Number of protein chains: 2
Amino acid sequence: MLDLPAASLVARGLPPEFQAQPPIARPPFSPRRLIAPGALIYTEGAERSSILRLKDGCVVLTQSLDGKRRQILDVIGPGRLFGLAHGKTNHCSAEACTYSEIEAVDPQRERLNVEDALLHSLKRAQKHATLLGRKTTMEKIAAAIADLALQFGRPGFVGSRRAETFHLYLTRSDLGDWLGLTIETVSRYLNQLKRGGIIDFSDPQIVSILDADKLAALAGGGAVDGTLCIA
Amino acid sequence: MLDLPAASLVARGLPPEFQAQPPIARPPFSPRRLIAPGALIYTEGAERSSILRLKDGCVVLTQSLDGKRRQILDVIGPGRLFGLAHGKTNHCSAEACTYSEIEAVDPQRERLNVEDALLHSLKRAQKHATLLGRKTTMEKIAAAIADLALQFGRPGFVGSRRAETFHLYLTRSDLGDWLGLTIETVSRYLNQLKRGGIIDFSDPQIVSILDADKLAALAGGGAVDGTLCIA
DNA sequence: CGCTAACTTGATAAGCTTCAAGTTCCGTGG
DNA sequence: CCACGGAACTTGAAGCTTATCAAGTTAGCG
């Protein structure tokens, strides 16, 4: 991971090395770019960007409805490719949730990787649709946490107990836009899981999983795994 | 189109030429197959099928949750490819909604078509997620009708007035599973559109669009078009 | 030390689901 | 030929879940 400031400091400040970054791409195939939290990487409807690989950080893909309503289509963690689109324009916007590092991918050289990423994205999109259309609120929340733990988790401790922990780069509002819920509902259910001893967070952005089995059970059916998508 | 029986007869009977069809694929790359309504073309979790082209009819892709809840991921009309999956197994099941004709696609020979279909599927899946997560019930219903009209519509008449008409191969239950609603809600909103003079149906499976502009307006924002996906 | 942004929590209300009939349209069998 | 039965659809009433509205809290930052 990048050398990030302590968890609670990550929120919205812009250290000097990020302030100078222009929000939108410079000449194509600039090999690597650092992106500040909240910055747009590309924009829905604009001329299609190149295919990108997230080296580090967290990026969300979004679509917006009348400027007010927003849907997060996917949350992307380190290693994944994004920016795959059909026609001449992007289907969605891409936005960094934290300090992120991306690099352009050469579709010729990495044809297999691109194909793979495309199929993986489709699979995740399908799981996401099932979540949005047919899962209960608790299932949605649990599945989201399980998915983020897989993408961003690392071993950690709560007191002396081992518990997988991850940095929740998304705000409650982002989670709502991902799961088709409101801020308030997200907050209520997260705290319900916390009271139930299934997850823990003192800082609202640092989440630990205390009972992965129960979490998976709550995330509900569909496939073997309760997450949005594993394989 | 195939030579179908009159609209209202299409429902569930099995004419002789379909009764003999085994529901699941015979040896790979059998060039063409006829499928009866309700028949499974391939099954979620089973060994991956070949890539298929729908020559005629209507196919839905579904995922199921605990056997009770079902999500329809996409509704596929003539010309489109489906059966694109990631690992060794299918992500979803494919089911015919009416008498349908499919053929296997050779991914070598049709590489560009397959790539295109893949990107198109992803784009539709993303639009679908935005619909499920952030659109109102009326917007969902209107967008679904507009999408089906594009895929299945042809010029028709209501009385002496020209009105695009399409055969609704989906039941109310299917529509609910597509849009994340119940049968009853789908029925109520369809009838509301009918009372409002925006659509018409006397047979519940034959739908005419009386006011395409109002329908598009009701289908709500997102892109220029109100449908799930055009381009 | 107050300001703002994110988060939490409570009360109310709206919208959808659930439950329950009832209708229509076919196909079947007496 | 008509009565019966099933499947899809429609419609109404009641109940729940979640959205909305409204404070109130916490934590950085100027």
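Just so it is clear, the model here is predicted, and its values are computed rather than measured. Within every chain, numbering begins at 1; the chains are lettered A, B, ... in the order of the sequence lines, protein sequences first and strands thereafter.
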Give the rounded distance in Å between these two atoms: CZ of A:R69 and C1' of D:dA19. 14 Å
Residue-phosphate contact under 4.0 Å: B:T171 side-chain N/O, D:dA8 OP1/OP2: no
Once you round it to whole Å, what is the distance between P of D:dG12 and CD of B:Q192? 13 Å
Has B:T98 got a side-chain atom pairing as donor or acceptor with B:C58's backbone, closer than 3.5 angstrom? no
Taking B:Q205 for its side chain and B:F166 for its backbone only, find out whether a donor-acceptor pair lies under 3.5 Å. no
If you only use heavy atoms from C-beta on, which nucleotide in D:dT11, C:dC16, C:dT8 is closest to the side chain of B:T137? C:dC16
Ignoring hydrogens and geometry, is there a side-chain-to-backbone donor-acceptor pair from A:D74 to A:I76 under 3.5 Å? no
Rounded to the nearest Å, what distance is computed from the CZ atom of residue A:F201 to the P atom of nucleotide C:dC7? 10 Å
Using OP1 and OP2 only, check whether a side-chain N or O of A:T185 sits under 4.0 Å from D:dA19. yes
Keeping B:D174 on the side-chain end and B:T171 on the backbone end, is there a donor-acceptor pair under 3.5 Å? yes
Between atom NZ in A:K68 and atom C1' in D:dA19, what is the gap in whole Å? 13 Å
Cationic N near anionic O, under 4.0 Å, B:E101 to B:R53: no
Using atom types as modelled and distance alone, determine if a side-chain donor or acceptor of A:H128 lies under 3.5 Å from a backbone N or O of A:W178. yes
How long is the line joining CD of A:E139 and P of D:dT17, in whole Å? 13 Å
At under 4.0 Å between heavy atoms, what does A:G176 touch on the DNA or RNA strands: base, sugar-phosphate, or nothing? nothing
If you assign each of A:R172 and A:R134 to its closest nucleotide in DNA chain C, which residue comes earlier from the 5' end? A:R172
Checking C:dT8, D:dC9, C:dT17 against the side chain of A:P204 (C-beta onward), the nearest is C:dT8
Can you check the B:D177 CG to C:dT17 C1' distance for me, whole Å? 14 Å
Do any N or O atoms from the side chain of A:E95 and from the backbone of A:L61 form a donor-acceptor pair under 3.5 angstrom? no
Rounded to the nearest Å, what distance is computed from the CD1 atom of residue A:I141 to the P atom of nucleotide C:dT8? 11 Å
So what does A:I183 touch, heavy atoms closer than 4.0 Å: a base, only the sugar-phosphate, or nothing? base
Give the rounded distance in Å between these two atoms: CD of A:Q205 and P of C:dA6. 10 Å
D:dT11, C:dC16, C:dC7: which one has an atom nearest the side-chain heavy atoms of B:Y189? C:dC16
It should be established whether B:S187 places a side-chain nitrogen or oxygen under 4.0 Å from OP1 or OP2 of nucleotide D:dC9. no
List every contact pair, protein side and nucleotides 21-26 of chain D side both N or O, where the distance is under 3.5 Å.
| residue | atom | partner | partner atom | Å |
| --- | --- | --- | --- | --- |
| D:dC21 | N4 | A:E184 | OE2 | 3.1 |

